[in-house]
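Notes follow once the structure below has been shown.
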Amino acid sequence: MLDTYREVVTPEGVVLQLRAAGPVPRALAWLIDVAIRMGIMMVAGMVFGLLGKAGMGFYLIALFLVWWFYPVVFEALWKGRTPGKRALNLRVVSGNGGPLGWQAAFTRDLLRVVDMLPLLYATGLVSCLLDPWGRRLGDMVANTLVVHDAPPRGLVEATAATPIPLTVVLRQHEQAALIAFAERGPRQSPARRVELADLAEPLTGLRGEAGVHQLYGLANGLLGRNE
Amino acid sequence: MKIDALTVTLRPRTSWEAIELGMALTRHYAKIIWASWLVFTLPVLLLAHAVGWALHRWWIAGLLIWWLKPLFDRVPLYVLSRATFGDIPTLRQTLQAQRRWRGKWMWSYLSWRRLGPVRALYLPVDLLEGSTAERARVRRQEVGSSIYGISLLMTLMCGLFSIVLQLGLLGVALLFVPNIYLKEVFDHAGAVLKASPWWLSLIINVTSWLVMSVIEPFYIGAGFGLYINRRTQLEAWDIELTFRRLRTRLTQAASMLICLLALGLAVVPKAGHAYAAQASANHPTQQDADDDDDADEREPPAAEPKKLPQIFGDQKADDASFRQAVQRAYADPTLNPKRKIVSWKPRHPAPEKQIDLPTGRGPDLSGLGSWIAVTGKFILWGLLAALVIALALTAKRWLPWFRDGLLREKTGESESVVRSEAPAAAPLPNDVPVAIRRLWYGGRRREALALLYRATVDAMVAQTHVMLVPGATEAECLRASRRLTGSEDRDAFARVVSMWQYAAYAQSFPSTEAFESLLIELMQRFAWGPVGAVAGPMVATR
């Protein structure tokens, strides 16, 4: 089965699923970061402009620092996020899913020199398009990965119904599907809802609207609700 | 649509992740996509250039190629739509499908909708769903309304990617120019651009075709990913898939149970005679019912010989009510997401204040600036000197770190976590106590306790007939063991579990005496192996 996960198995045998991010959101995040840095440099230019010729020196130093250390400092200190990445709910993590260290942050920043060849990150873009986890060359060298952060889940309450205990042993993903049905069922059209519930007839023994309510009840039972 | 045959994992994704999924699909079926893309677009490229040559205007060829993009988009879209449902088309099938689609939808896509910003999302709706023009408009609205913004951004980014790659190709050419000639080349390039000879147009046309070939399949793939994700949200495909598999599993389990029941009754000839007769009478009908269920699932409507009037007789109603029902379904507010947003606004907006901006450049601080610059220069030189001296003085302390670091890196490679395979599927040995003791006295105490725990759980299951889920935890086993009849049996089971948990999670092993006493008690309770004969001598030897 094809998926966009990168699976990492920890020594404890736990499978972590990292949701790798591709070129489109990453490029957008980069654009936002560029805009922020340009804004900072414009303000700095106004301030240092007051100092005349010496201000030019300070301005160039500030340009160097802001341009090259902005990603490093943000990624290392702010859990792998720059403001642009934060806006698109992205995050840089180490290749094994752990947090990003200073060394990796510096490596991926230094390798920008290669990725931006020949113009405007063309090399990085090609690498990002071809790699299954959307990594540019800097990511490969530093062994890092840009992932989609867990989205703030819209809280959807499962439909309330009289809880019914399960009589059949269900596997975990089947239980999850039952609960998902109780959460998302009300947003389906009535006909579709009945169609789905009819598929689960061997479980409920009922068809039509009655089957839908039986499924809601089973889901409430799984959720451990009392009345 | 066969949802069972899907080759992608369905789950509720955010729209960004749907884009990643679509791009992953393009990458996965890259071979057939780009092969058919080349076969389809190369002749068009040549044809367009023939037209340009005939008209002596080469830029027309480039414009033509760019304008025909929606036509080319159908190639990756067809491959993706088939491959996602497990049927990877061949090159011939892909090209035939282009002919079969003919000009359907293409008139609008090549004329007034050519500049539509979410083509990648709307193409699947129009081409794959095959509905009438009016219905397709409603569908586009329904599928696209909530993800229009993201599709728009995606189109924008893909356009930017094309520009970046095009400039990148130009940059590669410039990389080969030695630095001393760079200025000359730029001067010359300006003149060439003004003259714009035919070969320059040709190069631009071919490179833009190359760039389009790289980006466009990814763009269409991303749009297709968005489309699939939206349908999954709207129609709960993931739930349907799980329910279908659950249905298959449960019906299979049920038919197997009936078979076992019939077999068991046949073995007991006299006591269950009447039941057996009944069961064998029931059995075929049950099987028939199951077969019917299976047939329902497969749904071969083409093989149905009956006609509608034959089935429904005079119950067959006019189409009009059905059409009305469809109309009503479309009028359902849940299908047409419209929101009303209420907000407060001041009735008399305050007039904007005029901010007095300072007109001049402010006070002239250049004297202060040059003073800071001079002092700064001396301070920086001083800092550099101090740093070099400090490094030289402390060389003895930091030089070994580098050597250690190098050594550690070399040895670090060979370190790896040793994992032993869990023998979950291995059957229990015939004589459990002997096997356990062999492991324990052989120094493999953890494995001994693991075997003891498994054997006890097995014995408990044999006595209570509970059904344990695969991968049941210790707590679940303990809960199941409440069904054991004797309270001492339950105690013994609980002690085995706690002994195993101490060993497994805390590395704290029991003393040999405690282990032996528990093992002997279990042997008596669950009647494992010969009790006295083996236990005596083994204990004596220790």
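From a predicted model like this one, the values you see are computed outputs, not experimental measurements. Here is how names work: the chains are called A, B, and so on, in the same order as the sequence lines, proteins then strands, and each is numbered from 1.
Pairing each heavy atom of Gly168(B) with each of Pro118(A), the nearest pair is O-CG, 3.1 Å. What you find for Ala54(A) and Ala373(B) is that their closest heavy atoms are CB-CB, 3.6 Å. A pairwise comparison of heavy atoms in Ala122(A) and Leu165(B) identifies O-CD2, 4.2 Å as the closest pair.
Under the 4.5 Å side-chain criterion, counting only non-hydrogen atoms from C-beta, Arg249(B) is in contact with Glu174(A). Between Arg192(A) and Glu240(B) there is a side-chain heavy-atom pair separated by less than 4.5 Å. Looking at heavy atoms from C-beta onward, Arg184(A) lies in side-chain contact with Pro12(B) at the 4.5 angstrom threshold. The shortest side-chain heavy-atom distance between Tyr121(A) and Val164(B) does not fall under the 4.5 Å cut-off.
For Leu215(A), the part lying under 4.5 angstrom from a heavy atom of chain B is the side chain only. Looking at Phe161(B), the atoms closer than 4.5 Å to chain A (heavy atoms on both sides) sit in the backbone and in the side chain alike. At a 4.5 Å heavy-atom cutoff, the contact between His173(A) and chain B is made by backbone and side-chain atoms alike. Neither the backbone nor the side chain of Arg193(A) comes within less than 4.5 Å of any heavy atom of chain B. At a 4.5 Å heavy-atom cutoff, the contact between Ile372(B) and chain A is made by side-chain atoms alone. For Leu234(B), the part lying near chain A is the backbone, with the side chain staying farther off; criterion is any non-hydrogen pair under 4.5 Å. In this structure, the portion of Ser370(B) lying under 4.5 Å from any heavy atom of chain A is its backbone and not its side chain. Neither the backbone nor the side chain of Ala191(A) comes within contact range of chain B; no heavy atoms are under 4.5 Å apart. Contact annotation for Leu246(B): both backbone and side-chain heavy atoms come within less than 4.5 Å of a heavy atom of chain A. Only the side chain of Ile19(B) has a heavy atom closer than 4.5 Å to any heavy atom of chain A. Contact annotation for Leu170(A): both backbone and side-chain heavy atoms come within less than 4.5 Å of a heavy atom of chain B. With a threshold of 4.5 angstrom between heavy atoms, Met154(B) approaches chain A through its backbone and through its side chain.
The residues Arg27(B) and Asp131(A) are annotated as not salt-bridged, no charged nitrogen and carboxylate oxygen being separated by less than 4.0 angstrom. Residues Glu17(B) and Arg19(A) are paired through a salt bridge, judged by an N-O separation under 4.0 Å between the basic side chain and the carboxylate. Taking a cutoff of 4.0 Å between a charged side-chain nitrogen and a carboxylate oxygen, Arg26(A) and Glu20(B) do not qualify as a salt bridge.
Of the residues considered (Ala236(B), Ala329(B), Gly376(B)), Ala236(B) shows the highest number of contacts with chain A, using heavy-atom pairs under 4.5 Å. Per-residue counts of heavy-atom pairs under 4.5 Å with chain B were compared for Phe48(A), Tyr5(A), Phe58(A); the largest is that of Tyr5(A). Annotation: maximal heavy-atom pairing with chain A below 4.5 Å, among Val469(B), Thr84(B), Leu241(B), Asp238(B), occurs at Asp238(B). Interface summary for chain B: among Leu120(A), Val126(A), Asp3(A), the most heavy-atom pairs under 4.5 angstrom belong to Asp3(A). Listed options Gly134(A), Ala20(A), Pro23(A) were ranked by heavy-atom pairs under 4.5 angstrom with chain B; first place goes to Pro23(A). Heavy-atom pairs under 4.5 Å with chain B peak, among Leu117(A), Thr123(A), Leu130(A), at Leu130(A). Of the listed residues (Leu51(A), Leu119(A), Leu125(A)), the one with the most heavy-atom contacts under 4.5 Å to chain B is Leu125(A).
Atom CH2 of Trp371(B) is surrounded by 12 or fewer heavy atoms from other residues, nucleotides or ligands within 6.0 Å.
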Requested in this report: May I have the step-by-step check of side-chain contact (heavy atoms from CB on, under 4.5 Å) for Phe181(A) and Thr242(B), ending in yes or no?
Outcome: CA-CA 11 Å; Phe181(A) 180 77; Thr242(B) 318; over 6 Å; no
Query raised in the report: Should Leu2(A) and Thr9(B) be marked as a side-chain contact (heavy atoms from CB on, under 4.5 Å) after you check the CA-CA gap, both sets of side-chain angles, and the distance that decides it?
Result: CA-CA 6 Å; Leu2(A) 190 68; Thr9(B) 318; 6.0 Å; no
Report task. Could you check Glu201(A) against Thr251(B) for side-chain contact (heavy atoms from CB on, under 4.5 Å), going step by step and ending with a plain yes or no? Result -> CA-CA 10 Å; Glu201(A) 195 205 340; Thr251(B) 43; over 6 Å; no
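The distance from atom OG1 of Thr4(A) to atom CG of Leu25(B), rounded to the nearest 0.5 Å, is 10.0 Å. Distance check: Trp16(B) CH2 to Leu88(A) CG gives 5.5 Å after rounding to the nearest 0.5 Å.
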